[in-house]
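Scope of the values below: all heavy atoms of this structure, side chains included, with no hydrogens, waters or symmetry mates.
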Amino acid sequence: VKGVIVQFGGQTPLKLASALEEAGVPILGTSPDAIDLAEDRDRFKALIEKLGLRQPESGIAATPQEAAAIAERVSFPVVIRPSYVLGGRAMEIVHDEASLRDYFERAARVSEERPVLVDRFLEDAFEADVDALSDGEQVVIGAVMEHIESAGIHSGDSACVLPPYLIPPDAVAQMKAHTVAFARKLGVVGLINVQYAYKDGQVYVIEVNPRASRTAPFVSKAIGVSLPSVAARLMLGETLAQVGFTEEIVPPYISVKEAVFPFNKFREFDPVLSPEMRSTGEVMGIDDDFGTSFLKSQIAADNALPREGAVFFTVNDGDKPTAARIAARFHALGFGIFATSGTAAYFTQQGIPVTSVLKVHEGRPHGVDLILNGEIQLLVNTPLGKHAQVDDEKLRQAAIANRVPYTTTLTAANAAIEAIAARRTREPGVRSLQEWHAILGASRSAVAQ
C-alpha cells in the first residue's frame, strides 16, 4: 500500500489525517501538518499575517465572554466559525449580543481545544472560490468562481458563475496570486480551495481548504479537465508538466452552477439561506452569455423563471434602493409589480408603478392569497437578520407549495432579470458537454497559434 489520500472526502478525512500519520499510515499529497495549519484558526491567522494578506477583523474565542468582547471590538454583525467543520455546520451570522449568547447555548461545543473564530461579517461583499492544483513546486489555477448570492451564504448553497462577471479583473488577479502563495507556503500537493470576499476595492481571505472542494466537479466540467484525476496523479509523484496541465484554462463560454434544495419535500423548514449548508445537489447551465446560462441552471434546478406576469417584492429597508432598480427593469420588461406597504411607498417615490399588498397579519387579501390565486409569478423576499418575520416565512412556504420561483437575495434577483431579459432576445439552445469542450479546444488552439 502506497498510502492514503485524504483530499477527496471533505472535512472528515482531514480530521483523521494526523491520527493516521501517527499510526504509521503514509498520507499522500499535502502533509497533515499543513492541513492542520490551514484548519487551526490560530495558526491560520498567523499565516495570513506572515503573508501580509487581509482578513476580516477577527478573534479566537473559547467562551461566550471572549466572543462578546471580540464582537464589540470588530462590531456586529459577526460570523462565528468553528474549526474543522463540514458544510458550515454550526456557522452563523450573529447580529447582536443576545443572539451571540444564544448561539453558545444552542449551537456549539466550544472549549480551549475547540475554539471558534469570530470575525466581522462583510455585508454586501462579493464572494469567490478559487480552485488550484500544485505539485509541490508549480501551482496552476483551476478556476475562479464568483458566487451569485452575496457574502454570508454557504458556498455550497450559492449559485456560482465561471469566469467571474462582477468582480474586477485586478481583484481576480489578486485572488489568483494569493492562492498560489497559499499553495506554496503550505506545500500543497494536489488540490487547494480558497474562499475570498471582495468589498470596497479590497480582497479579503475567508478560508483556505487544503483539499478538493465541492466545486471540483463543476470546475472540471467547465474547463474540460478532471481536477481530481490530475490531483491523484500529482499525489502519486507526477508533476504538472508531466500530466500536461501547465496553465489556467479560461473557457470562451459562461458556466453557472446552481444549488438544488429539498424545501418542497421538507415544508417545515424556512428556505432562507445562511452560512450553514442546506442544499442536497447541484446543476449546471452553459451558454455564451450569463443570462442564458443562469436561465438554464434555474430550469435544471426546477426553479424555472417566468416569461411574463407579476413580481412581488418584500424587502428590508437596506435593500430598497437596489430592489427599486431591479423592479424598474422588471417593469420595463412588462411585468406587473406588487410590494408590501413600505417597499411599495419607496418604489412609488422612485416613479415605479406598483400595487401595494397587505402583510399577512394586516388582513386580506394579503401576499399569500396572491400567490395562491396565481397572481404572482416571482417572489423577491429579503428577510433581515437570522430570525425572519412570520409573514416572510409564510410567503416563502406558499411560494414553494405553489411552485412559484423565489429568491431571498437581491444578487439572485438581479441574475433572474438578466436571465428573463436574455430569453426575450432568443430561446436557449442545447449543446452536449462534449460539444462545449470542442468549442473550448478550438479556442485554445486559436490562441496558441
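Among residues two or more places apart in sequence or in another chain, the side chain to side chain contact (heavy atoms under 4.5 Å, CB included) test is passed with Ala183 by Ser134, Val139, Val188, Ile192. For Arg423, the salt bridge (Lys or Arg N to Asp or Glu O under 4.0 Å) partners two or more places apart in sequence, or in a different chain, are Glu427. Under the salt bridge (Lys or Arg N to Asp or Glu O under 4.0 Å) criterion, Lys296 pairs with Asp287, sequence neighbours left out. Annotation: side chain to side chain donor-acceptor pair (under 3.5 Å) contacts of Thr314 (sequence neighbours excluded): Thr340. Every side chain to side chain contact (heavy atoms under 4.5 Å, CB included) that Leu166 has, sequence neighbours left out, goes to Phe126, Glu146. Remark: Ala412 pairs with Glu149, Thr407, Thr409 by the side chain to side chain contact (heavy atoms under 4.5 Å, CB included) rule, at least two apart or across chains. Under the rule for a salt bridge (Lys or Arg N to Asp or Glu O under 4.0 Å), Asp288 has no partner lying at least two apart in sequence or in another chain. Every residue meeting the salt bridge (Lys or Arg N to Asp or Glu O under 4.0 Å) condition with Asp289, not counting sequence neighbours, appears here in chain and number order: Arg426. Under the rule for a ring-ring contact (aromatic ring centres under 6.0 Å, His included), the partners of Tyr165 that lie at least two apart in sequence or sit in another chain are Phe290.
In this structure, the separation between CG on Asn373 and CG on Leu370 is 7.0 Å, given to the nearest 0.5 Å. Interatomic distance, Thr355 OG1 to Glu375 CD, rounded to the nearest 0.5 Å: 9.5 Å. Gln434 contributes atom CD, which lies 12.0 Å from atom CD1 of Ile439 (distance to the nearest 0.5 angstrom). One distance of note links CZ of Arg120 with CZ of Phe76; it measures 14.0 Å at 0.5 Å rounding. Taking CG of Leu37 as the reference point, atom CG of Leu186 lies at 5.5 Å (rounded to 0.5 Å). The distance from atom CG of Leu295 to atom OG of Ser297, rounded to the nearest 0.5 Å, is 8.0 Å.
Contact between Val354 and Ala344 at its shortest, heavy atoms only, is CG1-O, 3.5 Å. Nearest heavy-atom pair across Ser341 and Ser356 is CA-OG, 3.6 Å. Pairing each heavy atom of Arg54 with each of Val203, the nearest pair is CB-O, 3.7 Å. Ser58 and Val74 get closest at one heavy-atom pair: N-CG1, 4.0 Å. Nearest approach of Thr292 to Pro428, heavy atoms of both residues: CG2-CB, 3.6 Å. Annotation for Ala323 and Val315: closest pair CB-CG2, 3.9 Å, computed over non-hydrogen atoms.
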What's the verdict on side chain to side chain contact (heavy atoms under 4.5 Å, CB included) for Ile60 and Glu66, showing C-alpha distance, side-chain angles and the deciding distance?
-> CA-CA 8 Å; Ile60 310 287; Glu66 288 174 11; over 6 Å; no
Take Glu258 and Gln298 through the side chain to side chain donor-acceptor pair (under 3.5 Å) test and state the conclusion after the steps.
-> CA-CA 7 Å; Glu258 179 58 287; Gln298 298 310 296; 2.7 Å; yes
CA sep, side-chain torsions, deciding dist, call: Ser99, Asp96, side chain to side chain donor-acceptor pair (under 3.5 Å) | CA-CA 5 Å; Ser99 304; Asp96 52 47; 2.7 Å; yes
Please walk me through it: do Leu395 and Leu379 pass side chain to side chain contact (heavy atoms under 4.5 Å, CB included)?
-> CA-CA 8 Å; Leu395 282 172; Leu379 170 66; 4.2 Å; yes
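The side-chain heavy atoms of Ile417 and Leu333, taken from C-beta on, include a pair separated by under 4.5 Å. Looking only at side-chain heavy atoms (C-beta outward), Met145 and Thr215 come within less than 4.5 Å of each other. Within the 4.5 Å cutoff, side-chain heavy atoms of Ile80 are placed close to those of Leu100. By the 4.5 Å heavy-atom criterion applied to side chains, Glu207 and Val194 are not counted as neighbours. By the 4.5 Å heavy-atom criterion applied to side chains, Leu191 and Phe8 are counted as neighbours.
Between the side chain of His437 and the backbone N or O of Lys221, at least one donor-acceptor pair lies under 3.5 Å. With hydrogens and angles disregarded, no donor-acceptor distance shorter than 3.5 Å links the side chain of Thr322 to the backbone of Asp319. Asn193 contributes no side-chain N or O that, together with a main-chain N or O of Asp131, makes up a donor-acceptor pair within less than 3.5 Å. Side-chain atoms of Gln377 come within 3.5 Å of backbone atoms of Ala310 as a donor-acceptor pair (strictly under, hydrogens ignored).
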List the atom pairs, donor and acceptor, that lie under 3.5 Å between side-chain atoms in residues 245-256 and the rest of the protein, sequence neighbours left out.
| unit_1 | atom_1 | unit_2 | atom_2 | d |
| --- | --- | --- | --- | --- |
| Glu248 | OE1 | Lys176 | NZ | 2.9 |
| Glu248 | OE2 | Lys176 | NZ | 3.4 |
| Tyr253 | OH | Ala222 | O | 2.7 |

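Aromatic rings of Phe330 and Phe335 (six-membered ring for Trp) have centroids within the 6.0 Å cut-off, being under it.
By the neighbour-count criterion of 12 heavy atoms within 6.0 Å, atom NZ of Lys199 is densely surrounded, having more than that number from other residues, nucleotides or ligands. For Glu435, the CD atom counts as densely surrounded, since its 6.0 Å shell holds more than 12 non-hydrogen atoms of other residues, nucleotides or ligands.
Applying the ring pair (Phe, Tyr, Trp, His ring centres under 6.0 Å) definition to pairs two or more places apart or across chains, none involves residues 200-226. Residue pairs meeting the ring pair (Phe, Tyr, Trp, His ring centres under 6.0 Å) criterion with at least one member in residues 341-377, sequence neighbours excluded, are Phe313-Phe347.
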